[in-house]
Amino acid sequence: MSKPRIHLIATGGTIAGVSASATDTTAYRAGSLTAQALLDTVPPLAELAELSVEQLYNLDSKDMSPQHWLGLARAARAALERDEVDGVVITHGTDTLEESAFFLDLVLPPGKPVVFTCAMRPSSALSADGPMNLYGAVAVACSAEAAGLGVLVVSNDRIHTAREATKAHPQALDAFVSPDTGPLGWARPPTFLHRPVRGAARAIELDAIDALPQVEILTVAAGSSPRLLNACIGTGARGIILALPGNSSLPQSWEAALAAARAAGCSVLVASRTGADPLALTPLKARVRLITTLLDEE
Ligand code: SIN
């Protein structure tokens, strides 16, 4: 029987990180191994799938920008459009994975599986987690059940949706969580425990877009100056997410500045800085969605 054909797009991160010491899990260089070298660390992948490989970037994901998301979305869409590709796996740094994954979730047409994966320990570390994460991600991308669920994230044996996946710890292997909903399932063997809670995919036409609109996040602390809003607009921001205390509660001292910013044409949306609202998006995800909403208005 023929195996599923999975296209791997490598973008860097700790999963491709290398250190001189097997016990160093913090001072290594992310984005060092090539995609092919990464695949070569996981020989059992050949039993699961026929793999093709693309080295799109080799970055520490702190240096990803919306321009990189655009390039990544185009590369993923080009792969998905090929009849001979059954699914796409993307390796990515953990630090901004949830932003890239959610952007792709919003702009790619639903259908064939798209699965992000990553690692918390570099490839050179004792008990590196990247090889098993990659194996799990390819297993999920091969699964017929993963089709149509939107972009998924596999880390530490769990499957998360891109909408829910949140990096909640800077070093632990179980850094990714899905607050409130819990993970979508288990990666090996792929087991889906519930259906994702997600809106309809937008399938935005990417070819005509040169750059994404600038949207910033302002976290409002007790006593923060409302003049930050003007400063933010002064940098050219077309949209701002206000990460507000508690239940997205706006301090009275910010009311006039918010009304003025909106009157000046800046799209200002609010989110809870607790990052744990079951009905709304975290500030990071709200920013990604506002970027795609502003695209529609161009
Ligand atoms: C990165 O995000 O590229 C570095 C950190 C990581 O992948 O864990």
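Note that ligands are numbered from 1 as they come in the structure, with each ligand's atoms numbered from 1 the same way. Residue indices begin at 1 and follow the sequence shown. Please read these numbers as outputs of a predicted model, since none were measured by experiment.
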Salt bridge (Lys or Arg N to Asp or Glu O under 4.0 Å) partner of Glu99, chosen from Arg287, Arg163, Lys285: Arg287

Quickly, which of Thr293, Leu269, Leu290 forms a side-chain contact (heavy atoms from CB on, under 4.5 Å) with Val215? Name it, please.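 Considering Thr293, Leu269, Leu290, a side-chain contact (heavy atoms from CB on, under 4.5 Å) with Val215 is found only for Leu290.
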
Where is the nearest protein heavy atom to atom 8 (O) of ligand 1: which residue, which atom, and how far?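 Of the protein heavy atoms, Thr94 OG1, 2.4 Å lies nearest.
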
Of all protein heavy atoms, the one nearest atom 3 (O) of ligand 1 is Ser61 N, 2.6 Å

Hey, does [X] come in under 3.5 Å of ligand 1, counting only N/O atoms on both sides?
X	answer
His92	no
Ile15	no
Asp95	yes
Tyr28	no

With no hydrogens and no angle check, is any side-chain donor or acceptor of Thr292 less than 3.5 Å from a backbone partner on Arg289?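 The answer is yes, because a donor-acceptor pair under 3.5 Å joins these two groups.
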
Please lay out, stage by stage, how Leu134 and Leu45 fare under the test side-chain contact (heavy atoms from CB on, under 4.5 Å). CA-CA 9 Å; Leu134 183 55; Leu45 281 175; 4.0 Å; yes

Under a 4.0 Å N-O cut-off, is there an ion pair linking Arg5 with Asp86?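 Yes.
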
Which of the atoms of ligand 1 are close to Thr14, meaning less than 4.0 Å from one of its heavy atoms? 4 (C), 5 (C), 6 (C), 7 (O), 8 (O)

Give me the ring orientation class for His92 and Phe116: parallel if the planes are under 30° apart, tilted from 30 to 60°, perpendicular past 60°. tilted

Strictly under 4.0 Å, does any heavy atom of Ala119 approach an atom of ligand 1?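 Yes, Ala119 has heavy atoms under 4.0 Å from ligand 1.
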
